[in-house]
Every structure is written in C-alpha cells, then in structure tokens.
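None of the values given here were measured: they were computed from a predicted structure. Numbered from 1 within each chain, the chains take letters A, B, ... in sequence-line order.
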Amino acid sequence: MKIPLSVEAVENKHKEYLSIWANEKNTMLPSPILPYFYSKDKLNISAKESRVEGIRLSNYQKANFYKYEFQTRKQLVSTRDDLERRFGKGKVFEANIPFVLRNRIDNPDIYTEYPNTNQLKFNYLDIEQYCPPERLFPISEDRITSISFAGNNRKIRTLYLKKDSLGDKKLLEAYSKVYTKPDIEVLYNKSYDIPMILQRCKLNGIETSWMSKDGSRPYVGGKSGVHLEGEMVYDILDSTRGDQSLTGNVPTKGLKVVSNYFGFKSKAKVLVGSEIAAAVGSPELVAYNKEDVERLFHLFDIYWAGIAYTAEDLRIPLNMAVDLNVTDLGLIVLGDLFREHNIIADGDNSSRFPEIFLRKKKPGEPNYQGAVVYIEQRGLFKPVLKADYSSMYPSIVAAFSLSPDTTTLLRYDRYQKNGFRIEEDKDTFTYFIPDNALRKNVVLQVVKKPGFLSETVDRFLKERAKYKAEYKKTGSKIARARSDIAKVKANGGIYGVMGAAHHPFGFAPIAVATTGIGRECAKLLINVLDTLYPKSVIEVDTDGVYFTAEEYNKERIIHYFNDALKKKFKKDLNLTIDIDDYPAGYFHKAKNYILLTKEGNVILHGAAMKASSKDGISKKLIQDLARAKLEGKSTDSIVLRYKNLQDFQLSDFAMQVTLGRRIHEYKSINCIPVNIAMQAQKAFNIKPQVGNVHHYVKTIYGYQLFQLAKKDDLDLKYYSKKIDKIVKMFELEYELTAPIGSFIGKESESWEQEEDTKIVEKKAPMRLDDFL
DNA sequence: GCTATCAGGCTACCT
DNA sequence: ACAGGTAGCCTGATAGCG
C-alpha cells in the first residue's frame with residue numbers, strides 16, 4: 001500500500017502528535033502543523049497570531065485574514081466555543097476540521113510518506129455464544145462456545161467448548177495464545193464479536209492486552225466501536241449497509257442473507273435461533289461457525305478493493321477509508337481544490353447565506369427546493385419503461401460550469417412559479433431559478449469560463465464512465481470500486497457538501513442552481529415523453545421518469561430528447577439518458593412501487609412496500625400479492641390465507657425498530673423507539689445505544705419488547721387492520737388521478753400565497769401540463 | 001368515554 | 001451534521017357526540 005494502516009491525533013505533554021502505524025511499527029510524528037483557525041477580525045486571545053492573504057469563499061475576492069494557531073486541539077476548541085458564546089457563530093473560520101484531515105489537506109503527501117509496504121496481515125473472525133432458551137440473543141453473562149478465525153492463508157481454525165463445559169475461560173486463554181496480532185480484524189458487526197470477547201475476558205479475570213500490538217489494553221468506544229492499538233477493524237456490515245445495490249434485493253443486511261445474495265454456496269447446516277445453543281460442542285456448530293468465516297472471505301473479496309482504492313486515491317490511511325463519510329470526503333476533495341486556489345472558507349453556508357439557512361422555518365422544512373417528485377397515475381401498467389439521466393446532478397455542475405470561482409448569487413427576485421430563464425451576454429450566463437422553499441427567484445451569474453470545481457467533477461465523471469465501461473466489460477472488481485468512488489466523489493462529496501448548512505466548504509448557490517436546473521431537466525424529459533406518448537408518464541423522481549407505452553422506440557426518444565435539450569439550454573450539453581424496460585409495474589404512491597424484471601424477479605420500492613420495520617406477516621403478504629399482481633393472477637386465495645392470524649407464530653408478528661438518536665435527544669419520550677429501548681434496558685440491562693435494533697409486538701397492553709410478549713396477549717385487531725391496509729394497497733386498477741405529489745401542490749399553494757391581493761376561487765387541482 | 005381530525009415526531013425509504 | 005423529498009405510523013391535543 002502507498003498509505004499507512006492507521007493515523008490518529010494524540011496529545012502528549014501539551015503537544016500534538018500523529019500516531020502512525022505502518023509495517024507493524026508505530027511512529028509518533030510531532031504534527032508538522034499546529035491546530036488553527038482563521039478570523040476576519042483581530043482577536044484578543046492567547047494564540048500565535050499571523051496575517052495571511054486568501055480568497056474569501058463568500059465573494060471570491062482577495063482579503064486579509066488573521067490566522068490563530070494553538071498548541072493543542074483542546075485549546076482551539078475551548079477558545080472557539082468561548083468566542084461563539086460571546087459573539088455568536090460565524091466569528092472564526094475553518095475551526096471544526098478534524099486534525100488528522102487538516103494535516104492531510106495542508107500537506108497532501110504527509111501520509112504517503114509512511115506507507116505500509118509489507119503485506120497486510122488479516123484476521124477473519126467469528127464467534128458463537130450460548131443463549132438460554134428464554135432469551136432471543138445472548139448477553140455478556142453467557143459463555144462463548146466457539147471461535148473461528150483465519151489469517152491470510154484462509155485456513156480456518158476453530159476453538160470450541162465441549163457440550164457440557166459451562167465456562168469459557170480456557171477457550172479464551174487458548175485463543176489468546178494463538179492470536180496473531182493482525183493489522184486488520186475482519187468481522188461482521190463490530191459491536192458484537194470483539195466487545196463480547198473483551199467482556200468475557202473481563203468476567204473470567206483474563207488480561208486483555210494480548211489483543212493489541214503494543215501491550216496496551218483494548219477498549220470499547222469511539223468511531224470504530226473498539227480500539228486495538230496497532231490494529232484496525234474492518235466491519236463488513238458497514239460496507240453492506242452502505243451498498244445501494246442491495247436495497248430492494250435483500251430483505252435484511254445480515255451476513256448470511258447478503259453472502260447468499262452474492263452467490264455464496266452453503267455446505268454446512270445453517271443453524272437458526274435456539275439450534276445454536278443446542279449444538280454446543282457438536283460438529284454441526286463447528287461447521288456452522290467455520291462457514292461464517294468463509295462468508296466473511298466471500299464478502300471481503302467484494303468490498304475490500306474499494307476501500308483500499310479509496311485510501312490510496314485520497315492519500316489517507318486505511319482506518320480513515322473504512323469509515324469515510326461524505327463530510328470528510330468533501331473536506332478532502334474540496335480541501336485540495338481550496339488549497340490549490342488559496343481559498344479560505346469564511347464561515348459556513350448558514351452564516352454566508354442567512355437568507356437561505358436562517359429563515360424562519362418549521363421543523364423539517366427544507367433550506368431550498370429540491371427535486372421534482374410526484375406520481376401521475378396509480379395502478380398496474382404493462383409494460384413499464386424508465387428513462388433516466390445518468391449522474392444528473394454532477395453532470396449539471398460540469399455542464400453548466402458551476403464552481404465557486406464562476407458562480408455568484410446576485411440577488412433574490414420575487415417568486416415566479418414558471419420563472420426559470422437564462423440570459424446570456426458576452427461573458428456570462430444569468431440563471432433565474434424559482435425556488436418554492438425560499439419563495440424567491442434566485443438570480444445567479446455564471447462566468448463563461450471553466451471553473452475549478454466543475455472541471456474536477458467533469459474529471460470524476462469521465463473517470464467513472466471509463467471504469468464503469470471496464471467493469472461492465474471485464475467484471476473487474478477493482479474497476480467497479482473505482483467507478484463507485486468516482487460516483488460518490490462527484491455526487492455526495494460535491495453536491496451534498498455544497499448544500500450542507502454547516503459544512504465549512506459548502507457553497508449554497510451551486511446547490512440551489514443544481515437542483516433548480518435539475519428540475520428543468522426533469523420537466524424537459526417529461527415533456528418529451530408526453531409529446532411522443534401522450535398520457536404515458538406514471539411517476540417522476542428527481543432524474544428518472546417511469547412511463548408506459550405499447551410501442552416505443554429508444555432511438556426516437558433519445559433523438560427528440562437531445563433536440564429539446566439543445567433548444568432549451570441553448571448549448572450542447574453532455575447530459576445523457578438511459579432507458580430500461582420492465583414487463584410490468586404496479587405504482588402505489590410516489591417513491592412506492594413494484595416492478596417485474598425480465599428475469600421474472602419482483603423488485604419492491606419504497607417504505608410502503610418493504611420497510612424493514614414491518615412485521616413478518618405483512619412482509620410475506622406484500623411479497624405474495626406483489627407477485628400475483630404483476631403476473632396477472634388472482635389475489636383472492638392469498639388474502640384468505642392471511643385472514644386467519646391464529647395460524648401464525650408469535651415471531652411472525654414481531655416488528656423492528658432502530659434507536660435513531662440518544663435517549664435525551666428525543667423530543668417525544670413516548671415514541672416507540674424509546675419505549676422499546678427502555679424495556680430492553682429494564683429487562684436485559686441493554687444500554688440504549690444509537691443504532692440498536694429491537695423487535696417488538698403490539699399487545700392488548702401496548703407495545704412490548706418481543707422477548708417479553710406472550711402470543712395470547714397479541715392485539716389481533718391491530719394486525720388485521722394492517723393486513724386490510726396492505727390488501728387495499730394492491731386494489732387500484734388504472735386509477736387516473738390528479739397529480740398527488742407535493743411538487744405541484746406546493747407550487748400552486750405558494751403561488752396563491754404570493755398573490756395576496758385578491759381572493760382566488762378555489763381552482764381545480766393543477767395538471768402537470770398547466771405547470772409546464 | 002368514544003370517534004374523528006390534525007399537527008408534530010419519528011423511522012424508513014428514494015434520487 | 002451531505003442534500004431534499006415521500007410515506008406510514010405513532011402520540012397528544014382538541015372537538016363533537018351521547
């Protein structure tokens with residue numbers, strides 16, 4: 001690798017160091033830079049002061065700044081927070097950039113100087129644990145019954161308990177003796193295996209320092225869930241959770257389901273539930289445990305290449321690449337560009353564009369208008385076509401030369417619902433973008449020259465196209481990984497960050513322009529389809545239009561589309577569309593529909609169809625009804641089968657909920673996630689942690705944690721209502737409705753509010769045609 | 001005490 | 001703390017009814 005295994009910022013004796021692990025050795029590098037922030041005003045604080053010249057992100061003009069440097073991050077943070085308390089936010093700039101990243105941005109090759117050139121040492125790990133019959137899942141009081149692990153040669157070893165042995169002390173000691181101290185622990189769900197091993201060691205009075213490279217004691221906590229000095233954890237669940245190609249194709253993201261989806265062929269007996277406890281000491285449990293490690297190999301080979309590539313591409317250590325979020329990605333990609341152009345981010349979006357971000361807003365109201373989303377027709381359609389733009393937002397940024405050095409927000413004009421227009425003079429384009437969230441026409445000027453951001457996005461898109469073509473041709477996983485990272489960089493790393501309220505490198509005018517032009521692009525595609533195939537449009541979401549037409553001609557659509565594009569935007573744009581077809585589709589609401597693929601698979605879309613929170617009966621019923629509907633079969637017998645709830649087991653009634661935030665952050669303490677998390681804490685001492693998933697059922701006493709509920713107490717009325725609702729969901733037949741989506745609704749409403757001079761008679765709902 | 005309606009909160013999903 | 005957007009289900013407040 002060209003990059004190190006891991007880097008962390010460490011404070012020692014009031015100085016900042018970078019603790020770098022590479023080739024199994026640690027380097028404590030005194031940080032080449034000090035933690036710092038900028039200010040426009042001279043500040044009376046204790047920090048090293050200097051003057052620097054830079055270009056203000058807010059107006060792209062040269063300006064002088066004060067730079068304040070601190071000995072430690074802690075000093076910076078306390079000074080920053082103190083200034084914010086006294087003067088409010090927006091006093092200091094670039095004051096919240098993680099220090100390891102700050103180092104990478106200011107000195108892009110800092111980490112490539114510590115490459116891990118040796119072959120990385122992996123340990124693939126999976127454990128099994130005893131669980132008494134009265135519980136659904138083991139807790140730390142239960143013994144570990146089997147540990148399977150493998151190194152780079154992928155020969156799996158298993159240490160396991162005999163059937164009648166009740167303690168796992170010897171097992172853990174045996175494992176500690178053969179433990180290899182790898183560079184990277186590969187496992188599935190980092191919050192389980194290693195924390196459980198550590199807890200079991202603790203309860204058995206076993207020292208845990210054998211797990212780390214420098215003899216320090218591992219601890220649970222932090223971003224990676226568990227800290228092992230000199231090692232990093234790669235949790236494949238993080239990769240599968242982020243893999244969009246899985247949504248809709250797998251019911252859950254568990255190891256078995258996902259590896260099966262990717263073609264893993266199981267040879268062992270897959271144990272479920274209480275079978276795992278019953279099989280202690282048996283060859284079945286060993287085989288089962290071993291096979292999970294084989295599943296780890298299978299998924300590792302799918303995802304690891306992408307992470308390794310990301311790390312090298314961005315010149316960051318592997319431990320940063322495994323849990324890279326879009327914020328940090330934006331810091332790196334934009335940070336590199338800002339450094340090259342000597343730009344200082346003078347505040348974040350909310351302080352630089354208060355008209356957008358600090359308006360009076362109801363909770364949940366957006367900062368600016370987003371995409372076109374609505375459903376035009378509901379029911380069953382044969383066939384179903386989908387025309388969609390490839391990488392619409394990044395393509396717009398590239399094609400319209402949107403970049404901080406080319407784009408200026410001139411002013412906000414009075415809102416006009418159809419007010420999108422373009423003015424052109426010798427050197428500039430001016431875009432008038434109606435925004436129904438701002439209730440203003442946003443007037444943006446774009447200079448006719450290549451911008452640094454748009455050029456970079458263009459490069460990402462070309463990169464992506466190249467790797468995508470290579471991947472499609474050769475099936476190369478590396479090519480797929482490269483294609484994916486190029487896409488993420490172009491999409492989230494640029495567009496998402498541009499619109500983020502508090503990201504230091506955001507630039508709202510680009511976000512407003514991107515979605516505004518995106519809406520015009522969507523409408524243009526809708527118009528083309530409606531002209532060629534009148535009344536064909538079914539559903540629209542952002543950059544894709546579902547439509548239906550018996551006879552259709554792809555070439556014709558693309559030809560008309562290109563013509564319309566040229567006419568509308570008065571120049572050649574590199575915007576392309578793809579067209580996919582499906583034999584049938586059933587559309588329920590916006591973003592909620594089902595499709596039949598040519599291969600005969602049923603794909604569910606949207607929360608109404610496939611929310612993971614649904615109970616098993618509902619899920620099965622939807623699956624069955626969906627297939628029947630799309631294949632044109634009668635649904636009567638299916639409905640009858642589900643009417644008799646007595647035929648189902650308690651577990652079929654269980655619903656799922658995730659704790660989305662920390663308990664004290666909830667405004668409503670009576671909501672289900674909190675209620676269930678508290679029950680789990682009370683009954684099983686499970687600490688409420690963000691991301692915890694619990695199963696629960698509705699009983700006549702209210703919502704109950706699944707493990708505490710009895711079948712006789714189930715609120716069957718509640719479940720029959722749910723079933724009736726699902727059956728109704730599939731009863732629409734070619735029902736033509738007025739546009740339902742809020743896109744149209746909101747537009748007309750805000751228009752009426754704007755015209756407050758006269759009372760307008762209540763009009764019929766607007767049709768899409770009126771709007772276009 | 002029951003039902004209906006509405007707003008706000010929350011999760012899950014889509015692009 | 002990447003964005004906006006749709007949907008479904010929940011709770012609590014309120015009003016109307018007998």
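A centroid separation of 6.0 Å or more is found between the aromatic rings of A:Phe93 and A:Phe37. For A:Tyr593 and A:His605, the distance between ring centers is under 6.0 angstrom. Aromatic rings from A:Phe587 and A:Tyr546 are positioned such that their centres are separated by under 6.0 Å.
With rounding to whole Å, A:Met392 atom CE is found 8 Å from B:dT15 atom C1'. A straight line from CG of A:Asp580 to P of B:dT15 spans 12 Å, rounded to a whole angstrom. Atom-to-atom, CD1 of A:Ile622 to P of C:dA7 comes out at 16 Å; the value is rounded to the nearest Å. Separating the NZ atom of A:Lys610 from the C1' atom of B:dC14 is a distance of 9 Å, rounded to the nearest angstrom. We find that CE of A:Met655 is positioned 15 Å from C1' of B:dA12, with the value rounded to whole Å. The CG atom of A:Asp543 sits 10 Å away from the C1' atom of B:dC14 (whole-angstrom rounding). Between A:Ile669 atom CD1 and B:dG9 atom C1' there is a gap of 12 Å when expressed in whole angstrom units. In this structure, the CZ atom of A:Phe587 is 14 Å from the P atom of C:dA7, given to the nearest Å.
Of all nucleotides listed (B:dC14, B:dG9, C:dG5), C:dG5 comes nearest to the side chain of A:Val373. Across B:dT15, C:dT6, B:dA12, the shortest atom-to-atom separation from the side chain of A:Ala590 is found for C:dT6. Taking the side chain of A:Lys589 as heavy atoms from C-beta on, and the options C:dC9, C:dA7, B:dT15, the nearest nucleotide is C:dA7. Checking C:dC9, C:dA3, B:dT11 against the side-chain heavy atoms of A:Lys725 singles out C:dC9 as nearest. The A:Gln369 side chain lies nearest to C:dG5 when the options are C:dC9, C:dG8, C:dG5. The side chain of A:Tyr593 has B:dT15 as its nearest neighbour among C:dT6, C:dA7, B:dT15. The side chain of A:Ser613 sits closest to B:dA12 out of B:dC10, B:dA12, C:dG8. Here the nucleotide nearest the side chain of A:Thr658, chosen from B:dA12, C:dC9, B:dC13, is B:dA12.
Phosphate proximity of B:dT15 to A:Tyr374: absent, as no side-chain N or O sits under 4.0 Å from OP1 or OP2. A close approach under 4.0 Å does occur between a side-chain nitrogen or oxygen of A:Arg661 and OP1 or OP2 of B:dT11. A close approach under 4.0 Å does occur between a side-chain nitrogen or oxygen of A:Asn367 and OP1 or OP2 of C:dG4. Residue A:Tyr696 places none of its side-chain N or O atoms closer than 4.0 Å to OP1 or OP2 of B:dT11. Contact annotation: A:His588 side-chain N/O to C:dG8 OP1/OP2 distance is under 4.0 Å.
Cation-pi geometry between A:Arg519 and A:Phe420 is not met at under 6.0 angstrom from the ring centre and within 45 degrees of the axis. Judged by the 6.0 Å distance and 45° axis criteria, A:Lys698 is positioned over the aromatic ring of A:Tyr703.
A:Ser618 and A:Asp615 form a side-chain donor-acceptor contact under 3.5 Å, judged by distance and modelled atom types alone. Inspection of the A:Asp348 and A:Ser350 side chains reveals an N or O donor paired with an N or O acceptor under 3.5 Å. Side-chain atoms of A:Ser58 and A:Arg352 include no donor-acceptor pair closer than 3.5 Å.
Residues A:Ala437 and A:His503 each lie close to DNA chain C; by heavy-atom proximity, the contact nearer the 5' end of the strand is made by A:His503.
Ion pairing between A:Glu731 and A:Lys728 fails under the 4.0 Å rule for side-chain N and carboxylate O. Using a 4.0 Å cut-off between a side-chain N of Lys or Arg and a carboxylate O of Asp or Glu, A:Glu539 and A:Lys589 do not qualify as a salt bridge.
In this structure, A:Gly330 reaches neither bases nor backbone, as no heavy-atom distance under 4.0 Å exists between it and the strands shown. Among the atoms of the strands shown, none is found under 4.0 Å from any heavy atom of A:Ala511. Within 4.0 Å of A:Tyr718, counting heavy atoms only, lie sugar-phosphate atoms of the nucleic acid but no base atom. At a threshold of 4.0 angstrom between heavy atoms, the contacts of A:Gly496 include nucleobase atoms, whether or not backbone atoms are also involved. At the heavy-atom level, A:Tyr393 lies nowhere under 4.0 Å from the strands shown. Residue-level contact check: A:Lys591 touches the bases, meaning some heavy atom is under 4.0 Å from a base atom. Note on A:His502: a base of the nucleic acid sits closer than 4.0 angstrom, heavy atoms only.
Within 6.0 Å of atom CG in A:Asn574, 12 or fewer heavy atoms from other residues, nucleotides or ligands are found, so the atom counts as exposed in its surroundings.
For the helix from B:dG1-C:dC17 to B:dT15-C:dA3, the terminal axes (five pairs an end, C1' atoms, rotation from four pairs onto the next four) enclose an angle of 10°, given to 10 degrees.
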For nucleotides 11-13 of chain C, give me every protein contact, N/O to N/O, under 3.5 Å, one pair per line with atom names.
| unit_1 | atom_1 | unit_2 | atom_2 | d |
| --- | --- | --- | --- | --- |
| C:dG12 | OP1 | A:Asn670 | ND2 | 2.5 |

Which atom pairs, one a donor and one an acceptor, fall under 3.5 Å between side chains of residues 391-401 of chain A and the rest of the protein, sequence neighbours left out?
| unit_1 | atom_1 | unit_2 | atom_2 | d |
| --- | --- | --- | --- | --- |
| A:Ser395 | OG | A:Ser390 | O | 3.4 |
| A:Ser395 | OG | A:Ser391 | O | 2.7 |
| A:Ser401 | OG | A:Lys449 | O | 2.7 |

